[in-house]
Amino acid sequence: MNNDSNDRKGKNARSNFIRAIIEKDLADGKNNKNVHTRFPPEPNGYLHIGHAKSICLNFGLAKDYGGKCNLRFDDTNPSKEEQEYVDSIKEDVHWLGYDWEDREFYASDYFERLYSLAEKLVELGKAYVCDLSAEQIREYRGTLKEPGRESPYRNRSIEENLDLFRRMRAGEFPDGSKVLRAKIDMASGNLNMRDPVIYRIMRKSHHRTKDDWCIYPMYDFAHCVSDSIEGITHSLCTLEFEDHRPLYDWFLEQLDVHHPQQIEFARLNLSYTVLSKRKLLTLVEEGFVQGWNDPRMPTISGLRKRGYPPWSIRNFCDRIGVAKADSVVDVALLEHAVRESLNKVAQRVMVVMDPLKVVVENYPKEKEEELEAINNPEDPEIGTRKVPFCREIYIERSDFLEDPPSKFFRLSPGKEVRLRYAYYITCTGVKKDDSGRIIEITCRYDPESRGGTTPDKRKVKGTLHWVSAKHSVPLTAMLYDRLFTVPSPEKENSDFRNFINPESLRVNNKCMAEPFVKNTAPGTFLQFERVGYFFADPDNYSHEKPIFNRTVTLRDTWARISGRGK
RNA sequence: UGGGGCGUCGCCAAGUCGGCAAGGCACGGGACUUUGGAUCCCGCAUCGCAGGUUCGAGUCCUGCCGCCCCAGCCA
């Protein structure tokens, strides 16, 4: 399924400060009136909803302004990066609906170029080889409030630096024994400008360049140069890189090459979830979830398995906006986005989650009939289906109350309700077991009400979903809920693990569904009427053992009203 | 007086040259309804604080207050 119908149009996109900058640049004729962005993940983990914000922003901006967006892996640290992550990232970006065409790049593609530009820096007298140890560099760097001291190696001659740097590349020195540093200003208030390291010696096989290199460039140097090489015009990144912008600009200025504009925006935070790679890893490694793609995870793969279609995530990213203020988006907005995105396209089906048998006394014992049901009231185009009805059916246990509160307009003794697409029934009796638990109820139906309306046009308040006992098919529903019990698990003063919702997953294998569900293929979005949106698990679903993941419940006004009494 | 940012409704977020506070989510009310779903109406802020400039300031100036980021040979 690839429905884009309820995507917002680019031209209606909300305005934000980045669009304002781009529009001004376009008006000024800057960059030859081109817009070229990039999404630059480090292949050291799985993508999550926060990355989706960046992906939608970068690819969305390129699309809206007739430009291009590259996919570039920032793979400059082989000790953390792996091919597995490259593969999952590509899959996720594609799945989200974006295409980088032939522009799949890697910072490692530029290692040779990066190296020669580093030599150029040395030749310019703007970089030097430093023999200080990591600890010493830290000491020399000074503190937030005190300036640093210059390295004793800072004034080596250009010739010596060049020779040393070449020998670093040649593998003449052990790991960590030397680094190449930019020569800027050890007294800068910005620590990033205190002679930052730009190359380190690291004998580590790289997932793409294998053992070609024993020195690797640092982010600050590699990123701006990569942007420059690719002709990026607007380099978008998150707020924590604001301090790095002077360095970004410094390198490109010294090198005298194409100079993209770095623009920072606030990263996404979502209530009731965590988005830091480290915490997400903890959840996986300590078994709180079953993997990176567990439907409770805010990862792209988790959301996909949960049943969030790609357009629902784009929809969400459109709604949250882009700004510079730190903020926490209410997860209710994500839930709203997926409901809205699924409402118009999800096939409706009746599934009883907690079956309660109903015997329709006056319905002939052997009779069966098929009633017509609408597949989606929001879209008549997709037609109708037949639903079997007979004397014994199941309704939702929660739809019957022996002693109902005033506003309860579902079934209770003596009350009449409508069985969706079927008949009106009135409750005539209740059977209980020895413990007092209701095991069956009896009703009478009105033959005149076939299909759900009567000649006398009388109103019934409640409409219940139901399934024919004889024809129903069992299925398992994975009832997922928020992973955390508090809005900001990361801001609590005790460990975030203490706030994991013990009921974030409940497995319900007592569900009974109408026969139509047998036609479902893995990866299908359905709405279980009056219950929620469900997704046929793409990995574990089979016709023998149908498993559905609850994506999100329907809005439940009754729960709100009845909950108020508590 | 380290440096860099941010502060508009419960949560996000628009607010061009200062001219008289968009929208969404959430929430409350109502209409409609064979999903107490959807849809549709209605309601819901004086802009961190204090001064100043001005006929007029969220938008300009001054001074406070609060929050976030930075001391990886991570990105």
Side-chain angles (χ1 to χ4, degrees), chain A residues 14-17 20 40-42 44 74-77 79-81 130 132-134 137-139 141-148 175-181 187-194 196-202 216 218-220 222-223 237-246 264 266 271 277 318-337 339-340 343-344 348 350 373-374 376-378 407-410 418-422 424 449 451-453 460-465 487 527-532 554-562:
Chain A
R14 60 176 68 236
S15 74
N16 61 51
F17 78 101
E42 180 189 15
N44 72 340
D74 233 325
D75 56 349
T76 57
N77 185 355
S79 66
K80 294 178 156 189
E81 298 148 6
C130 180
L132 252 27
S133 68
I137 286 182
R138 192 182 317 127
E139 288 167 21
R141 185 156 33 223
T143 67
L144 291 178
K145 295 191 175 178
E146 289 152 18
D175 285 12
S177 61
K178 287 179 167 41
V179 292
L180 182 71
R181 302 175 69 177
S188 172
N190 181 343
L191 305 226
N192 294 120
M193 300 300 270
R194 320 238 264 227
V197 172
I198 60 187
Y199 264 94
R200 72 279 219 191
I201 302 172
M202 188 193 309
Y216 292 97
M218 297 288 289
Y219 165 85
D220 287 300
H223 200 89
C237 61
T238 45
L239 255 27
E240 64 270 30
F241 291 101
E242 269 175 324
D243 285 346
H244 294 245
R245 190 178 36 197
E264 311 83 12
S271 65
K277 272 183 186 170
D318 267 348
R319 288 168 172 282
I320 58 178
V322 179
K324 296 196 70 161
D326 294 308
S327 59
V328 181
V329 174
D330 191 338
V331 72
L333 185 56
L334 214 210
E335 294 170 346
H336 172 266
R339 287 190 188 102
E340 179 182 76
N343 178 40
K344 295 187 184 68
R348 267 57 167 179
M350 291 196 284
I374 295 167
N376 185 344
E378 296 295 317
K407 285 291 192 327
F408 186 84
F409 34 87
R410 276 116 97 145
R418 169 167 42 231
L419 293 177
R420 183 143 226 233
Y421 301 126
Y424 289 3
S449 64
T453 52
V460 284
K461 264 294 203 180
T463 299
L464 311 186
H465 60 284
Q527 184 197 98
F528 291 2
E529 290 212 38
R530 300 212 305 136
V531 179
L554 250 33
R555 280 185 73 216
D556 190 349
T557 307
W558 169 241
R560 269 211 305 278
I561 297 170
S562 60

(request) Report the C-alpha separation of A:Phe409 and A:Trp558 in whole Å, then their side-chain angles, then the decisive distance to 0.1 Å, and conclude whether the ring-ring contact (aromatic ring centres under 6.0 Å, His included) test is met. (result) CA-CA 10 Å; A:Phe409 34 87; A:Trp558 169 241; 7.1 Å; no

Complementary nucleotide of [N], counting Watson-Crick and G-U pairs under 3.5 Å:
N     : result
B:C32 : none
B:C6  : B:G66
B:G43 : B:C27

Taking only side-chain N and O atoms of [X], does any of them lie within less than 4.0 angstrom of OP1 or OP2 on [N]?
X        : N     : value
A:Thr557 : B:G37 : yes
A:Arg245 : B:G4  : no
A:His336 : B:C25 : yes
A:Arg530 : B:G36 : yes
A:Thr76  : B:A75 : yes
A:Arg339 : B:C25 : no
A:Arg560 : B:C27 : yes
A:Arg200 : B:C74 : yes
A:Arg194 : B:G3  : no
A:Thr463 : B:U33 : no

(message) Could you check B:G23 for me: syn (within 90° of 0) or anti?
(response)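 The base of B:G23 is oriented anti (glycosidic angle more than 90° from 0).
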
(request) Kindly say whether A:Val331 contributes a backbone atom to a donor-acceptor pair with the side chain of A:Ser271 at under 3.5 angstrom? (result)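 Here the side-chain-to-backbone pair exists.
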
(request) Could you tell me whether the side chain of A:Thr238 and the main chain of A:Glu240 form a donor-acceptor pair under 3.5 Å? (result)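 Between the backbone of A:Glu240 and the side chain of A:Thr238 there is no qualifying donor-acceptor contact (under 3.5 Å).
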
(request) Would you mind telling me which residue lines up with the more 5' stretch of RNA chain B, A:Leu333 or A:Ala187, judged by nearest nucleotide? (result)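 Of the two residues, A:Ala187 wins.
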
(request) Hey, which sits more toward the 5' end of RNA chain B by its nearest nucleotide, A:Lys178 or A:Lys407? (result)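 Its nearest nucleotide lies further toward 5', so the answer is A:Lys407.
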
(request) Quick one: closest heavy-atom pair of A:Phe17 and A:Glu264, and the distance? (result)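 So the minimum-distance heavy-atom pair works out to CZ-O, 3.2 Å.
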
(request) Compare the aromatic ring of A:Trp558 with the six-membered base ring of B:G36 and state whether they stack according to the 5.5 Å and 30° rule. (result)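 Whether judged by distance or by angle, A:Trp558 passes, so it stacks on the base of B:G36.
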
(message) Could you tell me if A:Arg418 and A:Thr463 have a donor-acceptor pair between their side chains, going purely by distance under 3.5 Å?
(response)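 Side-chain D/A pair, A:Thr463 to A:Arg418: present.
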
(message) Between B:G36 and A:Arg410, counting only base atoms on the nucleotide and side-chain atoms on the residue, is there a donor-acceptor pair under 3.5 Å?
(response)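 Indeed there is one.
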
(request) Tell whether A:Glu340 reaches the base of B:G24 with its side chain through a donor-acceptor pair below 3.5 angstrom. (result)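 Between B:G24 and A:Glu340, which were checked side chain against base, a qualifying N/O pair under 3.5 Å is absent.
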
